[in-house]
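Worksheet: the structure to be examined is printed underneath.
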Amino acid sequence: MANHILPQDHLLAKKYKLGVPTRKFRFDFSHSFSSRDLILFAELTVVAILGLCCFTCGFILTISATITYHLSTAWLWILAMLAVPAIAGWIMYRHGNQRLLALNVFGTIASLLPVFLGSYLVMMHATPPDPAAYIFGGLFLCITGFIATVVALYFMPLSRSIMICTDGCLFIDKLQRRRIIRWEQIISIRSDKGCARIVCSNGSSLKLRSSWANSTAVQHIICGKAFRSLFARARSAYYSGEPVLFGRFTVNWEGIDNGQQLFHWEQLRACAYVDSGIALISVDDTCLDVSYLSQVSDASVFVELVKYILISRQKQAFPESSNSRRHLETTLTTFSRPIS
């Protein structure tokens, strides 16, 4: 259920210019904090503490070895080695390739760990031992402790929350980091496996996992808030002749393309929801195509846009029947009025 709006929530909404807060939801992994969650919380807390201790020991070892043995020149080679993946990651980030950026970070960390560990073992077995081994050993401890701490905090069953306002929403994760999403910035709402992804125009995205409590309710509210702008954007793109992408389907001036076949507007009668999917119905009341909701981005916008186009084309094809129907409705309304 939605929580009560507190006075500090109004201050946050005013600070980020989100309008007036209307509802606030908390995301939990379960509706009740069971003993299993308590055990998981304790285990992950221990892992996080051990990771922080490992990171601290590695940091102290690295700094003390650098100062004691005057190894400041060794950092030039280490920084030069880290510069290549850092520059590549910065270029990917500037181009908006989030997946390539994540792959670059993962590959860099996965390659540095064996390099640092191998350098430490080789240098320590040398006669005499190379003092630079302490730097590589300390860096290995720092990276290992950092990974353990981040993983423990990520899977820790802490609470998340989202505040719905008139002009946008404010998402606060378990580490109390805040993310601001305005309704006009939302360009797509995609349903993936086990989660719903909200994609914004600035390249950022927000995941709402189905395992979180209140996730479905928040998803419906955000869809309702963003529907008007998404539908208006899709309608204007259609009338300007641009193809409108909805995941597996593409709506254009000729019809609906599913990537393998083009269904002309003359073949279509309706677009309706079926069990966990969307179906295209022909004029002969046969099913032309069925797609899962996870394969269609902005499913509600897609269905309403198809209905709008079909009705508009029907009115253009039969203008006389629509005018006569409107005249009949006006006549019936006039005769149904009481005589004064």
Side-chain angles (χ1 to χ4, degrees), residues 1-6 8-9 12 21 23-62 98-99 101-103 105-114 116-117 120 137-164 169-181 190-198 204-222 276 293-294:
M1 296 178 63
N3 297 331
H4 296 289
I5 301 298
L6 302 177
Q8 52 265 32
D9 296 331
L12 286 175
R23 305 185 74 180
K24 184 178 179 181
F25 293 89
R26 291 184 58 187
F27 297 135
D28 301 313
F29 280 94
S30 60
H31 295 278
S32 60
F33 202 75
S34 61
S35 59
R36 182 180 179 182
D37 295 330
L38 184 61
I39 295 174
L40 178 63
F41 179 80
E43 293 175 348
L44 292 177
T45 302
V46 173
V47 173
I49 293 175
L50 292 177
L52 288 176
C53 293
C54 185
F55 178 84
T56 305
C57 293
F59 182 78
I60 294 174
L61 178 62
T62 303
Q98 302 293 335
R99 294 185 177 180
L101 175 61
L103 180 63
V105 173
F106 178 77
T108 303
I109 294 176
S111 60
L112 287 179
L113 282 177
F116 289 157
L117 181 60
Y120 170 77
L139 290 176
F140 177 79
L141 292 177
C142 287
I143 296 178
T144 306
F146 177 78
I147 294 175
T149 304
V150 171
V151 171
L153 292 177
Y154 180 80
F155 289 101
M156 191 169 291
L158 298 178
S159 177
R160 304 170 177 85
S161 64
I162 187 169
M163 183 171 62
I164 307 295
C169 62
L170 176 64
F171 179 78
I172 303 176
D173 62 6
K174 59 177 65 177
L175 300 180
Q176 298 303 309
R177 293 177 301 183
R178 298 168 183 173
R179 300 184 60 182
I180 303 168
I181 296 179
R190 305 171 183 173
S191 298
D192 298 331
K193 293 183 178 179
C195 67
R197 182 188 296 272
I198 301 171
S204 63
S205 60
L206 175 64
K207 279 186 177 181
L208 299 176
R209 300 188 181 275
S210 57
S211 58
W212 298 348
N214 301 318
S215 177
T216 305
V218 172
Q219 182 180 349
H220 287 315
I221 292 176
I222 294 178
S276 68
L293 290 176
S294 59

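Residue Cys142 comes nearest to Phe59 through the heavy atom pair SG-N, 3.2 Å, listed as atom of the first residue, atom of the second, then distance. When all heavy atoms of Ala148 and Gly51 are compared, the closest pair comes out as CB-CA, 4.2 Å. For the pair Ser111 and Thr108, the tightest heavy-atom approach, listed with the atom from each and the gap, is OG-O, 2.9 Å.
To the nearest 0.5 Å, the span separating CG on Leu50 from OG1 on Thr45 amounts to 11.0 Å. To the nearest 0.5 Å, atoms CG (Leu61) and CG (Leu139) are separated by 9.0 Å. Within the model, atoms SG of Cys53 and CG of Leu141 stand 12.0 Å from one another, a figure rounded to the nearest 0.5 Å. Distance check, rounded to the nearest 0.5 Å: CG of Leu117 to CG of Leu112 gives 12.5 Å. Expressed to the nearest 0.5 Å, how far CG of Leu12 lies from CE of Met163 amounts to 5.0 Å. Here Ile221 contributes atom CD1 and Arg23 contributes atom CZ; the two are 4.0 Å apart, rounded to the nearest 0.5 Å.
Between Phe171 and Leu206, some side-chain heavy-atom pair lies under the 4.5 Å cut-off. Within the 4.5 Å cutoff, the side chain of Ile162 has heavy atoms near those of the Ile222 side chain.
Phe116 CZ: more than 12 foreign heavy atoms inside a 6.0 Å radius.
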